[in-house]
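Here is the structure we will look at, set down as structure tokens.
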Amino acid sequence: MVATINIDKVKSRYDAFVASRKTIVISSNDADGNPFISYAPFVAHEGKLYIYISAIAEHYDFIEQSKTIQIMMLADEQDTKNLFARERLYLKCTAENIGNDDLEMIFEKMTAIHGAQLIQLLRTIDMSIFELMPKDGRYVIGFGQAFTVDFAAEKLEHIVVEKK
């Protein structure tokens, strides 16, 4: 018997999961095309994600030059009953360095999440905001509970694999 998936309930869980995350893992490629893994704090705003990174960070150039990256959000290990079925979200994104000008709404959200003192300090150094536009991805809740994500359409679709 196949269990029925309540997609509205999954969407609510997905929204809560994204809202509860403060950092993302970033997969980009270095100048030689080799994979490079990093992370950054982020904020979400109007269907996009924003990271604030230093020009001296290794991933800064990789993200700026590759334009397409993948990101991942993960549930905390301590909150996961089975680490093989850890809640996670993968998204393919286009990335663009949008600098620091005329972005007060983004800075307000960063301040609210990451603290005024820290954001004020970071604004005095070589930091730039990168806008990440999620395209598609996969949200996994657990075994047999994987969903394709169309971020722009705010749509989730259950992935069903037929057993042979």
Side-chain angles (χ1 to χ4, degrees), residues 1-30 33-53 57-60 62-98 103 105-114 128-164:
M1 181 174 176
V2 176
T4 303
I5 299 291
N6 180 332
I7 206 72
D8 290 333
K9 190 174 180 180
V10 172
K11 177 72 169 87
S12 292
R13 181 171 176 172
Y14 166 86
D15 290 340
F17 179 71
V18 172
S20 72
R21 304 294 91 199
K22 293 182 181 177
T23 62
I24 55 173
V25 177
I26 303 166
S27 174
S28 56
N29 292 317
D30 68 15
N34 296 311
F36 186 83
I37 300 294
S38 57
Y39 91 101
F42 80 98
V43 296
H45 180 67
E46 296 183 350
K48 298 175 185 171
L49 306 174
Y50 296 87
I51 57 175
Y52 197 35
I53 55 179
E58 239 179 320
H59 60 201
Y60 184 99
F62 303 158
I63 295 169
E64 190 170 55
Q65 292 167 10
S66 71
K67 302 297 182 199
T68 300
I69 62 172
Q70 290 205 352
I71 64 166
M72 180 171 61
M73 297 178 197
L74 287 160
D76 293 331
E77 286 184 10
Q78 66 193 19
D79 299 331
T80 302
K81 291 178 184 174
N82 184 329
L83 293 177
F84 285 94
R86 192 171 172 189
E87 187 173 5
R88 58 204 178 268
L89 171 64
Y90 309 94
L91 293 169
K92 187 184 307 176
C93 302
T94 57
E96 182 182 355
N97 182 341
I98 59 171
L103 299 169
M105 180 57 74
I106 305 306
F107 284 114
E108 286 176 20
K109 285 191 169 199
M110 287 185 177
T111 297
I113 294 169
H114 304 295
S128 286
I129 291 182
F130 283 76
E131 180 180 79
L132 310 181
M133 178 53 145
K135 298 299 181 190
D136 54 39
R138 183 168 287 190
Y139 176 53
V140 179
I141 299 172
F143 296 115
Q145 296 183 68
F147 303 84
T148 57
V149 176
D150 181 337
F151 199 85
E154 297 183 347
K155 195 167 122 183
L156 295 168
E157 186 174 306
H158 189 223
I159 298 169
V160 179
V161 177
E162 297 295 324
K163 292 184 180 181
K164 295 181 181 184

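All of these numbers come straight from a predicted model, not from anything done at the bench. All residue numbers refer to positions in the sequence shown, counting from 1.
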*Set of residues satisfying ring pair (Phe, Tyr, Trp, His ring centres under 6.0 Å) with respect to Phe62, sequence neighbours excluded*: Phe36

How long is the gap from [atom1] on [X] to [atom2] on [Y], to the nearest 0.5 Å?
X: Thr23; Y: Ile51; atom1: OG1; atom2: CD1; value: 11.5 Å
X: His45; Y: Glu108; atom1: NE2; atom2: CD; value: 9.5 Å
X: Thr94; Y: Leu132; atom1: OG1; atom2: CG; value: 8.0 Å
X: Ile7; Y: Lys155; atom1: CD1; atom2: NZ; value: 10.5 Å
X: Ile141; Y: Leu89; atom1: CD1; atom2: CG; value: 11.0 Å
X: Leu91; Y: Met133; atom1: CG; atom2: CE; value: 11.5 Å

Partners of [X] by side-chain contact (heavy atoms from CB on, under 4.5 Å), sequence neighbours excluded?
X: Lys11; answer: Tyr14, Asp15, Glu154, Leu156
X: Ser66; answer: Ile69
X: Asp8; answer: Asn6
X: Glu77; answer: Leu83, Arg86

*Spell out, as yes or no, whether a donor-acceptor pair under 3.5 Å connects the side chain of Lys109 to the backbone of Ala44.*
yes

*Main-chain N/O of Gln78 paired to Asp76 side chain as donor or acceptor, under 3.5 Å*: no

*Any donor-acceptor N or O pair under 3.5 Å, side chains Gln145, Tyr139*: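 Judged by distance alone, the side chains do not pair up.
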
_Using ring centroids (six-membered ring only for Trp), state whether Phe130 and Tyr60 fall under 6.0 Å._
yes

_Once salt bridge (Lys or Arg N to Asp or Glu O under 4.0 Å) is applied, what residue pairs with a partner in residues 129-141 remain, sequence neighbours excluded?_
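Non-adjacent pairs meeting salt bridge (Lys or Arg N to Asp or Glu O under 4.0 Å): Lys48-Glu131.
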
